[in-house]
Amino acid sequence: MRVATWNINSLKARLDRVLAWLDAAGADVVCLQELKCATADVPADAFAAAGYETAAWGTGRWNGVAILSRVGLTDIREGLTGQPQFGGETEPRAIAATCGPVRVQSLYIPNGRDTADPHFPYKLAFLQALAADAAKDAAAGVPFAAMGDYNICPTDDDLWDIDAWTGTTHVTADERDALAAVQAAGLADVYPRALKYDRPFTFWDYRNLDFPKNRGMRIDLALANPAFKDAVTDAYVDRNERKGKGASDHAPLVVDLDL
DNA sequence: ATGCCTTCGATCCGAAGA
């Protein structure tokens, strides 16, 4: 089976491309982030016409996560146990479901904005809650992956130029330590192939010709428990989806499983 | 061509993204 995660940067603005990609990619389960629309506005009928059931949680302009599945969609759970709030709100940044033989968590980790911004400790607290929340699923025999936009480059090689990012979010020791704690809960990084160049970046800023110049970052990750990881036969970043007019600034991460 | 940012909601700009 094929599982994918993709930050689409607005479902409304991206719907045609998402539907075209679903038709072309043949994924059985797709985790989406940054819906930027309310749950009621998610076009579940369009996904149903494409053969997918939909579980979505969105509140409007920001954030929003979903799982699409054509192999079953049960035991849906919104949010994390102990999920921290921001601005008094529990933001739609996590949704989990069981899809046939696998369980997946679709995640949009807070950006952090700046190390001095309140969003930064919120990001670290969110990751801490994720580590605790995922531990039980990680230890279970069911293949499980916590997939999505982590907004962290795991290593200096996971972005185009570490010297241009020193002291900024996404590369700090605090964030990498928090990511390591999630992995310590029993989840390993499924490192994908790049379809071009040497590194499998998943995000390129819209500005400054970052995509043509391959100034990218690997921030979309699939963290998998042993049962999931042992079944992986291939993984790659579909950078072709970053091309052309109307692209998201993220490319899909695709994982193939012998399940 | 992979091409100089895009999105939303509220108004004709600002905030957010990473």
Side-chain angles (χ1 to χ4, degrees), chain A residues 5-18 20-21 32-43 58-66 86-87 89 91-93 107-124 126-127 148-176 178-179 194-221 236-253:
Chain A
T5 182
W6 189 14
N7 178 322
I8 53 174
N9 184 20
S10 169
L11 182 50
K12 184 182 176 187
R14 214 71 57 211
L15 183 59
D16 288 348
R17 279 189 79 127
V18 171
W21 187 80
L32 300 174
Q33 301 87 34
E34 278 209 84
L35 306 184
K36 292 184 171 177
C37 70
T39 305
D41 296 326
V42 173
T59 52
R61 184 173 184 183
W62 308 115
N63 313 308
V65 286
F86 190 75
E89 303 291 327
E91 297 181 318
R93 294 179 174 275
L107 289 165
Y108 180 44
I109 305 296
N111 173 288
R113 298 178 186 165
D114 184 279
T115 55
D117 192 287
H119 216 250
F120 190 72
Y122 170 51
K123 180 179 194 173
L124 299 178
F126 193 97
L127 288 160
D149 179 359
Y150 278 78
N151 272 317
I152 299 171
C153 299
T155 74
D156 289 355
D157 287 330
D158 290 312
L159 75 165
W160 61 280
D161 182 7
I162 185 61
D163 293 330
W165 283 77
T166 302
T168 70
T169 61
H170 295 63
V171 299
T172 67
D174 283 346
E175 289 161 281
R176 288 175 177 169
L179 179 64
L195 294 189
K196 189 176 181 182
Y197 303 119
D198 58 337
R199 290 175 287 179
F201 297 144
T202 65
F203 167 87
W204 299 260
D205 198 291
Y206 287 125
R207 293 166 287 191
N208 305 120
L209 292 171
D210 275 5
F211 182 59
K213 293 180 178 177
N214 199 34
R215 294 175 173 175
M217 310 170 82
R218 187 174 77 94
I219 55 176
D220 297 88
L221 310 174
Y236 64 92
V237 179
D238 188 1
R239 72 186 301 284
N240 291 324
E241 191 51 42
R242 181 62 180 77
K243 297 178 182 178
K245 191 174 180 63
S248 170
D249 42 5
H250 295 250
L253 166 61

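Sequence lines set the chain letters: A, B, ... in the order given, protein chains first and strands last, and positions in each chain run from 1.
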Any base atoms under 4.0 Å from [X], or only sugar-phosphate, or nothing? Heavy atoms, all strands.
| X | value |
| --- | --- |
| A:Tyr197 | base |
| A:Asp149 | sugar-phosphate |
| A:Arg242 | nothing |
| A:Phe203 | sugar-phosphate |
| A:Asp220 | nothing |
| A:Asp205 | nothing |
| A:Ser10 | sugar-phosphate |
| A:Arg215 | nothing |
| A:Gly244 | sugar-phosphate |

When the [atom1] atoms of [N] and [M] are considered, how many whole Å apart are they?
| N | M | atom1 | answer |
| --- | --- | --- | --- |
| B:dC4 | B:dA10 | C1' | 28 Å |
| B:dT6 | B:dT11 | P | 24 Å |
| B:dG9 | B:dG3 | C1' | 29 Å |

| request: Report yes if a donor N or O on one partner sits less than 3.5 Å from an acceptor N or O on the other, where the partners are the side chain of A:Arg207 and the base of B:dG3; otherwise report no. | output: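 There is none.
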
Could you give the [atom1]-to-[atom2] distance, from [X] to [N], as a whole number of Å?
| X | N | atom1 | atom2 | answer |
| --- | --- | --- | --- | --- |
| A:Ile109 | B:dG17 | CD1 | C1' | 15 Å |
| A:Ile219 | B:dG17 | CD1 | C1' | 10 Å |
| A:Asp114 | B:dA15 | CG | P | 16 Å |
| A:Trp62 | B:dG17 | CH2 | P | 7 Å |
| A:Arg14 | B:dT6 | CZ | C1' | 8 Å |
| A:Asp249 | B:dT6 | CG | P | 10 Å |
| A:Leu15 | B:dT7 | CG | P | 13 Å |
| A:Lys36 | B:dA10 | NZ | C1' | 15 Å |

| request: Output the single nucleotide from B:dG3, B:dG17, B:dT7 whose closest atom is nearest the side chain of A:Ala13. | output: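 Selected nucleotide: B:dT7.
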
| task | Among the candidates B:dT7, B:dG3, B:dC5, find the nucleotide nearest to the side-chain atoms of A:Leu209. | result |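 The closest nucleotide is B:dG3.
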
Atom pairs, N/O to N/O, protein against nucleotides 11-13 of chain B, distance under 3.5 Å?
none

Heavy-atom side-chain proximity of [X] to [Y] below 4.5 angstrom:
| X | Y | value |
| --- | --- | --- |
| A:Glu91 | A:Phe126 | no |
| A:Ile109 | A:Arg93 | no |
| A:Arg215 | A:Asp205 | no |
| A:Ile8 | A:Leu35 | yes |
| A:Arg239 | A:Phe211 | yes |

| field | Which residue lies more 5' along DNA chain B, comparing A:Trp165 with A:Leu11 via nearest heavy atoms | value |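 By nearest-heavy-atom nucleotide position, the 5'-most residue is A:Leu11.
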
| request: Starting from the 5' end of DNA chain B, give me the residue, A:Ala247 or A:Arg239, whose nearest nucleotide shows up first. | output: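 Going by which nucleotide is closer to the 5' end, it is A:Arg239.
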
| said: salt bridge (Lys or Arg N to Asp or Glu O under 4.0 Å) for A:Asp117 and A:Lys123? Distances and angles first, verdict last. | reply: CA-CA 10 Å; A:Asp117 192 287; A:Lys123 180 179 194 173; over 6 Å; no

| Donor-acceptor pair between A:Trp160 and A:Asp210 side chains, under 3.5 angstrom |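 Note: A:Trp160 and A:Asp210 side chains miss the donor-acceptor criterion.
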
| Any side-chain donor paired with an acceptor under 3.5 Å for A:Asn151 and A:His170? |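 A donor-acceptor contact under 3.5 Å links the two side chains.
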
| Residue from A:Glu34, A:Gln33, A:Arg14 passing side-chain hydrogen bond (donor to acceptor under 3.5 Å, both in side chains) with A:Asn7 |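 The single option meeting the side-chain hydrogen bond (donor to acceptor under 3.5 Å, both in side chains) with A:Asn7 is A:Glu34.
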
